[in-house]
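Structure, as structure tokens:
Lettering follows sequence order; numbering is per chain, from 1.
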There are 2 protein chains.
Amino acid sequence: MKEIRSRANNLDFERPLVTVDVVIFSVLDDALKVLLVRRPDDAQEPFPGRWALPGGFVNVEKDRSLEDCAARKLKEKTGVSAPYLEQLGSWGDAVRDPRGWSATHAYFALIHVPTDHEKAGRRGSADSQWVQVDEVNRKRLAFDHPQILAAAIARLRAKVEYTSLPAFLLAETFTLPQLQHTYEVVLGRAVDKSAFRKRMLDAGFLEEAGMAQGPFGRVAMGYRIRNRDQAATFPRTFKAVE
Amino acid sequence: MKEIRSRANNLDFERPLVTVDVVIFSVLDDALKVLLVRRPDDAQEPFPGRWALPGGFVNVEKDRSLEDCAARKLKEKTGVSAPYLEQLGSWGDAVRDPRGWSATHAYFALIHVPTDHEKAGRRGSADSQWVQVDEVNRKRLAFDHPQILAAAIARLRAKVEYTSLPAFLLAETFTLPQLQHTYEVVLGRAVDKSAFRKRMLDAGFLEEAGMAQGPFGRVAMGYRIRNRDQAATFPRTFKAVE
DNA sequence: ATAATAGTGTCTCTCAGACACTATTAA
DNA sequence: TTAATAGTGTCTGAGAGACACTATTAT
């Protein structure tokens, strides 16, 4: 392994490799899914051909900041440019990457994938695929990505109990029944309609956005997130523990 | 800016500087304080003589992981070896360090400083000092440490509302009135004794540890944290929002 | 009309907070 | 005894959940 040396300041020690990885969640076909990419088959690369989280090295010329870097990777893989993006954590040690001491900054994104959006891989392609979160263990992910992904899923499941995060998994405008359905998909259980509506409306993070007509039944009020930079938090969890 | 490309593995690009910083909290003299260190006066160094969070470069020979590195820095500055240590986040961009593109992994520690513990700086020394969190703005901190510290304080204040974190600011065994006092110091407001006791005991994260006699009054039950690796979370916040 | 979906009203039960009360210690 | 602190009992009010009800649409 080679070191980058310099003169003046005492900066001549070996620097770790620095990467960014993004855990991208979306709800597709009534299931919570995560986007995985296939690593190159090149035998020079670590974990050739294995599935992994989208990510890569920080480019000190192109990336102004870590968050920029994460947003860039997300844009490259999905085309989405205004997602919910939050930092998940960092993982760094001597052995996680065979190429040397490395540290990755993991981000956590919630996006909406339009139904008719085939090319960016609604179904998937040879080198990228949406995988249901409870089936992701069947893939043998590269690096320490199983841990990172597990942390992301745990964080999402925890925050869904007391924040408005699932709203970011929907299109820009959505109805309360759609939002409730998204909550139920992520929580893995049904919630009471009346309590749900009270909670969402009282939290004040929604603004009305005209009526929305579905294929059947009564028209519903459409809503939009008032401030997409920040999720709302509720004073209680969804179902008090017994 | 240089970019050296090569054949085999494409690892010949400039790597960011990688550091770890630790925000160390403790309650001293009935106030929430944070430990700051003074940067060397050497004019070659960035921000000479300014106050900063304890931290430094990751040493790929000495540190097995980022968390190891944080624990090492904490041990060096305070002597404490079994603290509550959690990751706060990472900050990385082209300009935060004048020496070049750098990324820091910030950690968040809660420790107890014994009253008679003078040397590691209960009062402070020439190059390290415990500063009350609401007076920290008066110091002109180095780097982007004002943001990092603000994030740490926000995180602590938020989590105190629904977790057992303040228990880690006390000695190994403590009484419920002591714990309540710690909560009140961190929250900055009084809480009801009866509700507080119910909440703590029902959460089940404490175990009895014999009676503890104070200077006056009735003896109190001493408690210990059942599992120091993890904080308990309560299903509601302390005071529901109006 | 019916089926399907959206949205509301009401009751109940839990539980946190308020606060007054009792208990135990030292002096 | 008093002062000081530890710990408990009881009431109440807010609010989440349960669930039945009404409202609006397409066919």
Side-chain angles (χ1 to χ4, degrees), chain A residues 30 160-164 167 170 173-185 187-224 232-242, chain B residues 30 160-164 167 170 173-185 187-224 232-242:
Chain A
D30 296 338
V160 165
E161 297 281 350
Y162 59 93
T163 71
S164 64
L170 288 164
T173 87
F174 50 86
T175 67
L176 283 180
Q178 285 168 352
L179 182 59
Q180 180 174 354
H181 181 248
T182 306
Y183 267 90
E184 291 175 337
V185 165
L187 284 169
R189 65 170 192 266
V191 300
D192 180 79
K193 182 169 53 162
S194 173
F196 179 82
R197 297 173 67 94
K198 263 187 286 188
R199 168 173 267 199
M200 294 302 136
L201 263 9
D202 290 355
F205 70 97
L206 295 174
E207 62 184 16
E208 300 192 347
M211 302 308 277
Q213 176 65 287
F216 302 110
R218 177 170 169 179
V219 293
M221 176 59 76
Y223 292 92
R224 192 181 7 248
T233 66
F234 312 127
R236 300 200 193 178
T237 57
F238 245 100
K239 184 147 204 141
V241 208
E242 283 307 275
Chain B
D30 295 337
V160 164
E161 296 281 350
Y162 60 92
T163 70
S164 63
L170 288 165
T173 87
F174 50 84
T175 67
L176 282 179
Q178 285 168 350
L179 182 59
Q180 181 174 352
H181 181 249
T182 305
Y183 268 91
E184 291 175 337
V185 164
L187 284 169
R189 66 172 192 263
V191 300
D192 179 78
K193 182 169 54 161
S194 172
F196 179 82
R197 299 174 67 94
K198 262 188 286 188
R199 165 172 270 203
M200 294 302 137
L201 264 7
D202 290 356
F205 71 97
L206 295 174
E207 62 185 16
E208 300 192 346
M211 304 307 278
Q213 176 64 287
F216 302 109
R218 178 169 169 179
V219 293
M221 177 58 77
Y223 292 91
R224 190 177 12 244
T233 66
F234 313 126
R236 299 200 195 178
T237 59
F238 247 102
K239 184 147 205 143
V241 209
E242 284 308 279

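Following rounding to the nearest Å, B/Phe196 (CZ) and C/dC19 (C1') show an atom-to-atom distance of 18 Å. The distance from atom CD of B/Gln180 to atom P of D/dT8 is 13 Å, rounded to the nearest whole Å. If you measure from atom CG of B/Leu176 to atom C1' of D/dT8, you get 13 Å, rounded to the nearest angstrom. The distance from atom OH of A/Tyr162 to atom P of D/dG15 is 21 Å, rounded to the nearest whole Å. Here C/dT8 presents its C1' atom at 10 Å from NZ of A/Lys198, a figure rounded to the nearest Å. Remark: C1' of D/dA16 and CZ of A/Arg189 are 13 Å apart, rounded to the nearest angstrom. The separation between A/Leu179 atom CG and C/dG7 atom P is 12 Å, rounded to whole Å.
Among the nucleotides C/dC19, D/dC19, D/dT10, the one closest to the side chain of B/Asp192 is C/dC19.
Look at B/Arg189 and B/Glu161 and you find a salt bridge, because one of the NZ, NE, NH1 or NH2 atoms lies within 4.0 Å of a carboxylate O, short of that distance.
Scored by the ring pair (Phe, Tyr, Trp, His ring centres under 6.0 Å) test, A/Phe174 finds no partners at all (sequence neighbours excluded). For A/Ala190, the side chain to side chain contact (heavy atoms under 4.5 Å, CB included) test picks out A/Glu184, with sequence neighbours left out. In terms of the ring pair (Phe, Tyr, Trp, His ring centres under 6.0 Å) criterion, B/Phe205 has no residue partners (sequence neighbours excluded). Under the side chain to side chain contact (heavy atoms under 4.5 Å, CB included) criterion, B/Thr175 pairs with B/Pro177, B/Gln178, B/Ala212, B/Ala220, not counting sequence neighbours. Taking B/Glu207 as the reference, B/Arg224, B/Arg226 meet the salt bridge (Lys or Arg N to Asp or Glu O under 4.0 Å) condition, with sequence neighbours excluded.
On a pure distance criterion of 3.5 Å, a polar donor-acceptor pair joins the side chain of B/Ser194 and the base of D/dG9.
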Can you give me the N/O atom pairs linking the protein to nucleotides 3-6 of chain D at distances under 3.5 Å, or say none if there are none?
| unit_1 | atom_1 | unit_2 | atom_2 | d |
| --- | --- | --- | --- | --- |
| D/dA6 | N3 | B/Arg218 | NH1 | 3.0 |

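Nearest-nucleotide assignment on DNA chain C puts the 5′-proximal partner with B/Asp202, out of B/Asp202 and B/Met211.
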